[in-house]
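Shown next, in structure tokens, is the structure this report addresses.
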2 protein chains.
Amino acid sequence: MECNDNNVRCHQCPVKDITSFNTLSKDQLDVIADSKTCVVFKKGQIIMHEGNKPNGVYCIQNGKCKTHKLGIEGKEQIIRFAKTGDMLGYRSILSDEPLSASITALEDTHACFVPRQELFDIIDLNSRFSLELMRIACHELGEAGRIITNLAQKTVRERLAEMLLILEKTFGITDEGNLDVSLTREEIANLVGTATESTIRLLSEFKEDKLIILKGRKIKLVNKPKLAKIGNVFD
Amino acid sequence: MECNDNNVRCHQCPVKDITSFNTLSKDQLDVIADSKTCVVFKKGQIIMHEGNKPNGVYCIQNGKCKTHKLGIEGKEQIIRFAKTGDMLGYRSILSDEPLSASITALEDTHACFVPRQELFDIIDLNSRFSLELMRIACHELGEAGRIITNLAQKTVRERLAEMLLILEKTFGITDEGNLDVSLTREEIANLVGTATESTIRLLSEFKEDKLIILKGRKIKLVNKPKLAKIGNVFD
DNA sequence: TTTTTTTAATGATAAAAGTCATAAAATCAT
DNA sequence: ATGATTTTATGACTTTTATCATTAAAAAAA
């Protein structure tokens with residue numbers, strides 16, 4: 001965790017407009033700008049630790065993270081992802097509970113730390129900001145319901161097919177057309193909720209069936225309609 | 001859905017103090033009181049319909065509800081429960097999205113409908129109310145993460161044992177010591193995320209092993225430590 | 001109460017998914 | 001680059017869970 005670029009004022013921040021801070025006035029942004037600290041997390045570094053009480057939130061300037069929970073016998077469950085523009089730790093801050101999950105950088109990630117108090121100060125002054133936070137939390141709650149239903153009712157094969165599509169939607173693709181996120185088979189398994197071997201086997205099957213192209217950790221979706229069909233994805 | 005008791009002013013409402021409305025001033029409560037409509041839902045009646053856009057929220061004065069989502073081939077997934085003091089539909093209102101799930105009364109339920117606009121008006125005026133809504137949504141989000149991890153990592157047997165304990169914690173027990181909620185085996189299955197037959201079989205096993213007593217839909221937990229052990233419940 | 005309908009129970013079987021073991025390949029650190 | 005380490009791949013086997021079928025019991029309706 002090293003400092004960088006603390007001089008960039010928030011109102012000039014290029015990602016400001018895609019964050020909940022886009023509801024803030026210039027003055028309110030200056031309050032954030034005066035109290036924020038910019039940091040860089042290396043790939044694999046833990047940004048927040050499950051069970052801890054954070055002193056504020058991080059706003060991702062650039063990078064990708066996973067939010068993950070400890071499950072049975074230490075097995076990791078990946079709950080969701082975060083990327084540029086997303087806020088980290090707000091669930092814990094706003095519910096006044098310890099972190100229900102850890103957050104780890106999936107690649108080198110630049111983020112700004114905003115102290116708890118400044119966040120509450122702005123909530124007090126700016127109801128549009130409050131509403132935006134509620135909107136995000138409530139949207140996530142709806143997503144969680146979908147994930148719960150899928151885990152409860154879909155087979156591993158269905159969930160994996162759907163997850164590949166979700167990963168493309170979430171992170172987009174590289175110039176070569178691969179998913180723009182690098183995950184190990186184990187991480188994919190921890191996301192889908194299955195054993196690593198099952199994930200490997202099913203990915204190999206999808207490859208055999210020409211639905212995807214695999215090159216190490218690079219995954220390219222080449223038959224998305226079929227993946228959607230396998231995954232029972234209708235939207 | 002029939003009207004009843006619309007004359008009770010909110011500031012006199014016996015459940016007010018356990019709702020998020022406990023943060024409201026007398027004046028603000030009067031705004032709610034003037035715009036609210038009290039209704040009764042019969043057992044089994046659908047209160048809100050997945051996919052619809054609600055015009056407000058319900059505040060449960062007395063009763064029990066299930067929040068459930070349509071899954072694969074019309075199979076119901078129960079996402080969570082609501083009881084006296086809980087607010088229904090706030091997720092959809094605050095995220096400005098259609099209802100991600102339906103809500104059905106598990107028993108005759110009295111509730112007050114609060115129109116959307118009055119809710120937003122108070123959010124605008126009262127940041128304590130906003131914070132309370134955020135607290136609830138963010139708490140639920142943490143719960144959802146726990147459910148996701150359990151669904152992904154625990155066996156059906158573990159999940160059922162844990163769910164029995166959660167049901168007792170959520171709804172309490174009757175004078176005879178039974179869970180104070182009446183669910184069919186199918187509903188329990190739709191909650192645990194398994195086939196109805198599996199639920200029936202496992203409940204019979206738990207009964208054999210003297211962990212629970214079954215009398216029709218009446219369930220009494222008689223060996224909670226053992227259930228907690230089976231369910232890998234540590235808290 | 002009695003009938004009708006729904007729900008619960010249980011056996012047999014099939015399918016899905018997990019575990020363990022081992023080898024090959026890819027990634028990482030130096 | 002290169003050696004060490006981690007990850008991926010695959011086979012063999014076990015366990016878990018779902019599905020289908022049938023009967024019994026309990027709820028609900030007449």
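Note that these values count all heavy atoms, side chains included, but never hydrogens, waters or copies made by symmetry. Proteins get letters first, then strands, A, B, ... in listed order; numbering begins at 1 in each.
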Query raised in the report: Is there a side-chain contact (heavy atoms from CB on, under 4.5 Å) between B/Lys75 and B/Asn190 once you walk through the steps?
Result: CA-CA 8 Å; B/Lys75 181 168 166 150; B/Asn190 293 344; 3.5 Å; yes
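Of the candidate nucleotides C/dG18, C/dT10, C/dA16, C/dG18 has the atom nearest to the side chain of A/Ser198. Of the candidate nucleotides D/dT7, D/dA18, D/dA9, D/dT7 has the atom lying nearest to any side-chain atom of A/Arg217. Of all nucleotides listed (D/dT10, C/dG18, D/dA18), D/dA18 comes nearest to the side chain of B/Thr194. Candidate nucleotides D/dA18, D/dA28, D/dT17 were compared by shortest atom distance to the side chain of B/Lys43, and D/dA28 ranks first. Closest to the B/Leu214 side chain, of the nucleotides D/dC20, C/dT19, C/dA9, is C/dA9. Comparing D/dT7, C/dG18, D/dT17 against the side chain of A/Thr184 picks out D/dT7 as the nearest.
Between B/Leu183 atom CG and D/dA26 atom P there is a gap of 18 Å when expressed in whole angstrom units. In this structure, B/Ile230 places its CD1 atom 13 Å from P of D/dT16, rounding to the nearest Å. Computed from coordinates, the B/Lys207 NZ to D/dA25 P distance equals 11 Å when rounded to whole Å. C/dA8 atom C1' lies 16 Å from atom CD of B/Glu205, rounded to whole Å. Between B/Glu187 atom CD and D/dA27 atom C1' the separation is 14 Å, expressed in whole Å. Nucleotide D/dT10 holds its P atom 12 Å from the CG atom of A/Leu202, rounded to whole Å. Rounded to whole angstrom, the span from the CD atom of A/Glu186 across to the P atom of C/dT27 amounts to 16 Å. Taking atom CD of residue A/Glu197 and atom C1' of nucleotide C/dT19, one finds them 7 Å apart after rounding to whole Å.
Residues A/Glu187 and A/Lys66 are paired through a salt bridge, judged by an N-O separation under 4.0 Å between the basic side chain and the carboxylate.
The closest side-chain heavy-atom distance from A/Phe21 to A/Cys10 is not below 4.5 Å. At a threshold of 4.5 Å between non-hydrogen side-chain atoms, the residues A/Ile173 and A/Glu168 count as touching.
Summary of the strand contacts: A/Lys154 and A/Gly216 both lie near DNA chain C, and taking for each the nucleotide with the nearest heavy atom, the more 5' one is attributed to A/Lys154.
Using a 4.0 Å heavy-atom cutoff across all strands shown, B/Thr196 reaches no nucleic acid atom at all.
A donor and an acceptor atom sit less than 3.5 Å apart, one in the side chain of B/Arg201 and one in the base of C/dG11.
Residues forming a side chain to side chain contact (heavy atoms under 4.5 Å, CB included) with B/Thr149 (at least two apart in sequence, or on another chain): A/Lys69, A/Gln77, A/Ile79, B/Gln153.
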